[in-house]
Amino acid sequence: MKVDHIGVAVRRLSEAVPRWAALLGPAHGPPETVPSQGVRVAFLEAGDSEVELLEPTDAGSSVGRFLEHRGEGLHHVAFEVENVNRTLADLVARGEKVVDRMGRPGARGRIVGFAHPSAFGGVLVEFVERP
Ligand code: ZN
């Protein structure tokens with residue numbers, strides 16, 4: 001299973017994008033707002049994977065609460081899967097907790113779904129399905 005991207009919570013994309021771009025090269029296009037997650041995101045290529053920088057658009061969103069409690073830092077790891085709904089259903093069938101029972105619209109037209117951090121030793125894991 002391929003790592004699709006690593007999600008990093010940041011307070012301001014305007015500060016974080018240039019810092020990461022100095023390491024990885026320019027971001028793929030302008031930031032995109034993802035209403036279903038209450039964030040604005042920017043993606044930067046890192047070999048076969050990417051780094052996703054997430055800025056909350058709403059303090060009550062998952063990323064907003066993360067920043068309030070822990071500050072900026074690594075937020076989640078995303079794996080590419082063929083079918084997000086099936087992957088989530090398999091986790092539930094194994095008795096694991098999930099944040100999403102069904103995939104929802106993510107950035108760049110992809111379908112995404114999150115496992116609960118308790119399913120993977122405290123790591124928030126996202127699954128990504130390309131259209
Ligand atoms: Zn992500």
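The analysis underlying the following values was restricted to heavy atoms, covering all of them including side chains, and did not include hydrogens, waters or symmetry mates. Indexing begins at 1, ligand by ligand and atom by atom, following the structure's order.
Protein N/O/S atoms closer than 2.8 Å to the Zn ion (ligand 1), listed by chain and residue number, are His5 NE2, Glu52 OE1, His76 NE2, Glu126 OE1.
Take Arg104 and apply the salt bridge (Lys or Arg N to Asp or Glu O under 4.0 Å) test, not counting sequence neighbours, and it matches Asp100.
A side-chain N or O of Glu52 and one of His76 form a donor-acceptor pair less than 3.5 Å apart.
Checking side-chain atoms of Glu45 against main-chain N and O of His28 turns up no donor-acceptor pair under 3.5 Å.
Listed by first and then second residue, the side-chain hydrogen bond (donor to acceptor under 3.5 Å, both in side chains) pairs that reach into residues 107-118 are Glu50-Arg108, His116-Ser118, sequence neighbours excluded. Applying the side-chain hydrogen bond (donor to acceptor under 3.5 Å, both in side chains) test to pairs two or more places apart or on separate chains, none has a residue in residues 82-94.
You'll find the ring centres of His75 and Phe66 inside the 6.0 Å limit.
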